[in-house]
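Report on the following structure.
Values below: all heavy atoms of this structure, side chains included; hydrogens, waters and symmetry mates excluded.
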Amino acid sequence: MTTIASATDTLTRDALTVLQPGFTGTTAPDWLLRRLGEGLASVGLFGRNIASPEQLAALTAQLRAERDDVLVAIDEEGGDVTRLEVRSGSSFPGNHALGAVDDVDLTRQVASELGRRLAACGVNLNWAPSADVNSNPANPVIGVRSFGADTALVARHTAAYVTGLQSAGVAACTKHFPGHGDTAVDSHHALPRIDAALDVLSDRELSPFRAAIAAGTRAVMSAHILIPALDPDHPATLSRPVLTDLLRGDLGYTGLIVTDGMEMQAIAATYGIERGSVLAIAAGADAICVGGGLADDETVRRLRDALTAAVRSGELPEERLAEAAERVRELARWTATTAPVTEGEVRPDVGLRAARRALRVTGAENHAPLTEAPYVAAFTPVANIAVGDETPWGVAAELARLLPGTETGTFTGEDAGRAALEAAGDRRVVAVVRDEHRHPWMTTALDALLETRPDTIVVEMGVPQAAPRGAPHIATHGAARVCGRAAAEIIAGE
């Protein structure tokens with residue numbers, strides 16, 4: 001039963017409605033339940049909120065007992081960015097692996113099965129898929145979260161993902177508009193800038209979003225990036241030319257616009273979250289995502305008060321806030337009334353099948369499957385914030401299952417290769433890297449390994465941009481658990 005406190009005025013209720021806050025813990029705190037009663041319409045979940053599917057279902061039921069039409073959102077891309085399986089690794093490969101296979105029906109099946117699992121747990125809004133074209137190999141935050149560097153490929157798989165996810169009754173939130181692929185800066189840490197011409201942006205960055213809109217995506221997430229050709233003064237999240245003139249006007253989009261996390265430094269360090277939220281709504285955003293880092297009642301109060309104060313001062317038109325709040329309610333109605341498509345069979349193994357198809361093996365002509373336990377040297381970069389460092393990755397666990405006695409170690413820095421050789425002793429080495437092309441120390445480590453041990457097996461679990469080398473070289477196109485399993489099967493001959 002939806003409950004709205006009678007003492008809550010329309011303006012305050014609308015200000016709460018446009019917020020998508022997070023919280024800590026695996027049950028809903030009292031303050032969050034109280035805010036739902038006052039008009040809060042959305043809640044964002046992160047890995048810290050999830051212990052098991054059963055616990056997650058109980059949590060979402062707890063939220064709906066307070067407000068039955070609440071939007072429960074999550075950042076579940078599959079692949080490297082998983083919240084459902086944050087402590088085990090995902091059962092689904094990410095976008096880059098699906099792009100490597102380039103079977104749009106497979107992408108639709110993966111997204112549909114992922115959506116089915118989300119819906120079964122009571123989640124009805126997924127901040128996915130990433131429609132970014134990974135045109136800059138140095139990109140530190142997109143990488144394997146992108147379907148690839150080819151615009152047409154990204155567009156067709158974005159549309160398939162949206163269709164599959166929404167067939168399960170879960171709203172897709174296509175991101176990061178107008179495109180985060182050509183950046184060398186992570187917007188979690190600073191404000192990226194894309195100095196591309198309008199025709200390049202139209203042909204490259206915008207094409208996947210056009211495809212998502214044509215496929216009926218229910219939400220679009222804005223990016224905290226500065227694109228001078230579109231707006232020389234404001235990042236996209238705060239830009240009326242980007243959100244209203246381009247996305248609404250030129251592209252004809254009518255659904256919900258959600259901001260990326262407002263506590264990301266691209267916004268928080270330059271505008272502050274209160275000022276940034278006011279500017280975002282004024283620019284055309286409808287929902288403010290916050291809670292990845294700031295996850296408490298004080299944050300909700302601060303943003304609510306900033307929005308209401310901006311309306312009362314005349315800075316933010318009241319009708320713009322009301323319009324934004326109504327779009328949130330409209331999406332809530334869609335999720336409440338949209339029945340999942342039940343045609344076709346459930347495909348619980350589709351993730352592993354996709355991961356196997358995504359493998360690219362080079363130099364396997366003389367590879368004989370291992371019969372003795374190897375030593376797995378994981379050359380581990382610092383994880384970006386979107387991926388996080390909670391989720392395990394690699395091939396060691398899966399190899400240990402197939403070849404008991406497998407040992408592993410983690411190495412980093414200029415001496416990583418020498419240290420790995422010492423740790424491995426006379427055992428066969430399996431070297432696991434992630435985006436070797438972005439980390440010179442990894443290249444140095446592989447040089448050292450292969451010079452001394454040319455029979456080293458190399459597994460690249462990031463974007464396979466560097467030249468393949470190893471005996472053999474296995475590119476998984478992502479670091480999901482199923483990607484590790486697929487690689488381990490090749491190594492052990494399963």
Side-chain angles (χ1 to χ4, degrees), residues 15-52 55-56 58-67 70-77 81-87 118 121-128 141 173 175 186-189 219 221-222 224 237 258-269 271-278 280-281 285 287-307 328 383-391:
L16 284 169
T17 296
V18 302
L19 303 181
Q20 292 189 346
F23 63 96
T24 57
T26 53
T27 59
D30 290 343
W31 69 261
L32 184 66
L33 299 175
R34 184 178 71 255
R35 295 299 187 191
L36 288 171
E38 295 172 352
L40 185 69
S42 308
V43 175
L45 301 181
F46 298 87
R48 64 184 178 229
N49 303 121
I50 300 170
S52 68
Q55 169 271 325
L56 178 55
L59 170 58
T60 58
Q62 182 188 17
L63 296 171
R64 290 201 168 85
E66 189 62 42
R67 180 173 183 136
V70 64
L71 288 171
V72 181
I74 199 169
D75 195 7
E76 179 57 58
E77 299 177 14
V81 180
T82 179
R83 310 306 178 213
L84 285 181
E85 299 177 280
V86 66
R87 291 168 188 84
L118 289 170
C121 296
V123 175
N124 54 12
L125 171 60
N126 191 11
W127 294 318
V141 69
C173 182
K175 60 188 184 186
D186 183 344
S187 52
H188 291 89
H189 302 298
M221 178 175 282
S222 66
H224 303 330
T237 292
V258 184
T259 72
D260 207 343
M262 295 301 285
E263 67 268 57
M264 293 165 62
Q265 290 303 296
I267 299 297
Y271 296 89
I273 63 167
E274 294 98 334
R275 177 75 177 151
S277 295
V278 169
I281 297 295
I288 300 295
C289 176
V290 67
L294 299 173
D296 54 23
D297 189 37
E298 176 64 13
T299 299
V300 173
R301 185 196 63 75
R302 286 166 58 195
L303 297 185
R304 178 204 65 188
D305 291 352
L307 291 168
V328 174
N384 70 60
I385 292 176
V387 173
D389 56 11
E390 299 172 280
T391 306

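- In this view, Arg304 satisfies the salt bridge (Lys or Arg N to Asp or Glu O under 4.0 Å) rule with no residue, not counting sequence neighbours.
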Practice task
Please lay out, stage by stage, how Ser42 and Val328 fare under the test side chain to side chain contact (heavy atoms under 4.5 Å, CB included).
Solution key: CA-CA 8 Å; Ser42 308; Val328 174; 3.9 Å; yes
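- Side chain of Arg67 to main chain of Leu33: no donor-acceptor pair is present (N/O by atom type, distance under 3.5 Å, no hydrogens or angles).
- Between the Arg48 side chain and the Phe23 main chain, a donor and an acceptor come within less than 3.5 Å of each other.
- Atom CG in Leu125 sits 6.0 Å away from atom CD in Gln20 (nearest 0.5 Å).
- Gly39 approaches Thr17 most closely through the heavy-atom pair O-OG1, 3.0 Å.
- Taking 4.0 Å as the cut-off between side-chain N and carboxylate O, Asp305 and Arg301 count as a salt-bridged pair.
- Every residue two or more places apart in sequence or in another chain that forms a side chain to side chain contact (heavy atoms under 4.5 Å, CB included) with Thr237 is listed here: Ser222, His224, Thr259, Met262, Ala280.
- Thr24 contributes atom OG1, which lies 7.5 Å from atom CG of Asn49 (distance to the nearest 0.5 angstrom).
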Problem - Worked verdict on Thr82 versus Glu77 for side chain to side chain donor-acceptor pair (under 3.5 Å) - result: CA-CA 6 Å; Thr82 179; Glu77 299 177 14; over 6 Å; no
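- Asn124 contributes no side-chain N or O that, together with a main-chain N or O of Leu71, makes up a donor-acceptor pair within less than 3.5 Å.
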Practice task
Under the side chain to side chain contact (heavy atoms under 4.5 Å, CB included) rule, what do Leu303 and Glu274 come out as? Steps first, then yes or no, please.
Solution key: CA-CA 5 Å; Leu303 297 185; Glu274 294 98 334; 4.3 Å; yes
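- Closest approach of Ala287 and Ile281 over heavy atoms only: N-CD1, 4.4 Å.
- For the pair Glu76 (side chain) and Arg83 (backbone), a donor-acceptor distance under 3.5 Å is present.
- Considering all non-hydrogen atoms of both residues, Phe46 and Gly22 come closest at CE1-CA, 4.3 Å.
- Here the CD1 atom belonging to Ile74 is positioned 10.0 Å from the OG1 atom belonging to Thr60, to the nearest 0.5 angstrom.
- Two residues are said to be in side-chain contact when any heavy atoms from C-beta on lie closer than 4.5 Å; Val123 and Leu84 fail this criterion.
- We find the CG-CH2 distance between Leu36 and Trp31 to be 9.0 Å, quoted to the nearest 0.5 Å.
- In this structure, the side chain of Glu66 does not engage the main chain of Arg34 through any donor-acceptor pair within 3.5 Å.
- The side-chain heavy atoms of Leu59 and Ile50, taken from C-beta on, include no pair separated by under 4.5 Å.
- Atoms CD1 and CD1, from Ile267 and Ile273 in turn, are 11.5 Å apart once rounded to the nearest 0.5 Å.
- Note that CD of Gln55 and SG of Cys121 are 9.0 Å apart. Values are rounded to the nearest 0.5 Å.
- Salt bridge annotation for Asp260-Lys175: absent, with no cationic side-chain nitrogen under 4.0 angstrom from a carboxylate oxygen.
- In this structure, Val278 and Leu307 have side chains that are in contact, with non-hydrogen atoms separated by less than 4.5 Å.
- Under the 4.5 Å side-chain criterion, counting only non-hydrogen atoms from C-beta, Leu19 is not in contact with Thr299.
- In this structure the side chain of Val300 reaches within 4.5 angstrom of the side chain of Leu16, judged on heavy atoms.
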